[in-house]
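When a ligand or atom number is given, it counts from 1 through the structure's own listing order.
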Amino acid sequence: MPNALFDLTGQTALVTGSSRGLGRAMAEGLADAGASVVLNGADPGRLAAAAGEMRGQGRTVHEACFDVTDEAAAVAAFERLDGEGVAVDILVNNAGIQFRKPMIELDTADWRRVIETNLTSAFVIGREAARRMIPRGRGKIVNIGSLTSELARATVAPYTVAKGGIKMLTRAMAAEWAQHGIQANAIGPGYMLTDMNQALVDDPAFDAWVKARTPSRRWGKPEELIGAAVFLASAASDYVNGQIIYVDGGMLAVL
Ligand code: GCO
């Protein structure tokens, strides 16, 4: 008998950016732990395809098609879920983009786009979720950080700053919302095999660096975030708040 602490039956999880990549893997993992999932993406075709595949696997899936940088659309999506009687018990703020360019060449517009997508959206969507969790006296928020929540890498400054902000936003959420029965934590993925990182995987020098720099000597797989996601989404983490769990093959633990 699996431990009920990790059972998400009866819970609904909204995962932003879950048509593919890390978000899709976490949505599937949360569904396998019993949750109904609300998939989110900005591309209606990709979102519908992902939802169809997951429904075909017997999972309960709602769709919320909106761009996380569009505050009005995000608010409207929550109002639609309210109207459908879908209460978000678990929010995974996963949506994010990468933009690699040295700061000296970086346009401010590109800086702002990354900050808006990777950080501000987590605040906006977190606030909308918390406004509904607080009256219920419970809720789980899982923000997706990065190794760059701790360490900088040249050419990814806006991503680094945004992910550093994710770590501190998580603590700010804990500071204000823990008293209302909400647990806000984060996951910091290491170098994972995702579309966003394909250019790095395909670069022999970067690939070799990741494998040498990571004690596990390999890239991570998206499904390897599921354990941390289920833990932080479940009763097993009811006294955990403001923390970030690194799923990075040990990279941050060593020089
Ligand atoms: C990069 C990568 C990283 C990883 C991940 C590491 O360009 O260095 O995209 O940012 O995606 O965030 O935790």
Side-chain angles (χ1 to χ4, degrees), residues 15-27 29 41-42 68-69 92-107 110-123 141-171 185-229 231-232 242-255:
V15 183
T16 63
S18 48
S19 299
R20 57 182 173 170
L22 303 183
R24 172 74 180 273
M26 288 186 283
V68 295
T69 65
V92 180
N93 275 316
N94 165 76
I97 57 174
Q98 182 56 282
F99 189 83
R100 302 181 180 100
K101 186 173 280 190
M103 277 192 280
I104 204 78
E105 301 163 19
L106 188 62
D107 294 335
D110 288 321
W111 166 277
R112 288 199 178 100
R113 185 165 51 84
V114 176
I115 298 292
E116 284 295 308
T117 308
N118 295 14
L119 178 58
T120 306
S121 71
F123 155 67
I141 296 176
V142 184
N143 297 316
I144 304 303
S146 160
L147 291 168
T148 58
S149 296
E150 300 293 344
L151 300 175
R153 181 173 89 78
T155 74
V156 291
Y159 185 97
T160 300
V161 169
K163 292 301 189 180
I166 282 290
K167 181 173 82 169
M168 296 315 293
L169 173 63
T170 301
R171 293 179 181 176
N185 293 287
I187 295 170
Y191 277 94
M192 311 301 279
L193 293 168
T194 59
D195 293 348
M196 185 174 81
N197 285 338
Q198 195 55 52
L200 305 178
V201 176
D202 294 341
D203 175 340
F206 201 98
D207 177 53
W209 174 77
V210 167
K211 288 169 178 170
R213 180 69 178 76
T214 305
S216 301
R217 299 287 182 266
R218 63 176 177 88
W219 293 73
K221 294 171 281 193
E223 58 269 26
E224 290 182 301
L225 296 185
I226 291 172
F231 167 63
L232 292 175
Q243 302 304 307
I244 182 164
I245 298 176
Y246 287 98
V247 183
D248 67 351
M251 187 183 263
L252 278 179
V254 301
L255 283 175

Report yes if the side chains of R171 and K167 come closer than 4.5 Å at any heavy-atom pair, otherwise no. yes
To the closest 0.5 Å, what do you measure between CD (E223) and CE (M192)? 8.0 Å
Among all protein non-hydrogen atoms, which one is nearest to atom 13 (O) of ligand 1, and what is the separation to 0.1 Å? P189 O, 2.6 Å
So which heavy atom in the protein is nearest atom 3 (C) of ligand 1, and how far is it from that ligand atom? Y191 CE2, 3.6 Å
Can you list the ligand 1 atoms lying under 4.0 Å from a non-hydrogen atom of R153? 1 (C), 7 (O), 8 (O)
Quick one: does L147 get an N or O within less than 3.5 Å of an N or O on ligand 1? yes
Can you find a pair of side-chain heavy atoms, one from L200 and one from W219, that are under 4.5 Å apart? yes
Near M196, which atoms of ligand 1 are under 4.0 Å from a heavy atom of that residue? 11 (O)
Ignoring hydrogens, just give me the one of G220, S149, S146 whose non-hydrogen atom is nearest atom 6 (C) of ligand 1. S146
Atoms of ligand 1 under 4.0 Å from any heavy atom of Q98, numbered from 1 in the order shown, are 1 (C), 2 (C), 7 (O), 9 (O), 10 (O)
Side chains of I244 and S149: closer than 4.5 Å at any heavy-atom pair? yes
Measure the shortest side-chain to side-chain distance between N118 and I166 over non-hydrogen atoms and say whether it is less than 4.5 angstrom. no
Pull out every atom of ligand 1 sitting under 4.0 Å from any heavy atom of V156, numbered as shown with elements. 7 (O)
Can you confirm whether V114 sits close enough to Q98 that some side-chain heavy atom of one is under 4.5 Å from a side-chain heavy atom of the other? no
Only one of V201, V210, D207 forms a side-chain contact (heavy atoms from CB on, under 4.5 Å) with Y191, so which one is it? V210
The answer for which part of R100 has a heavy atom under 4.0 Å from ligand 1 is side chain
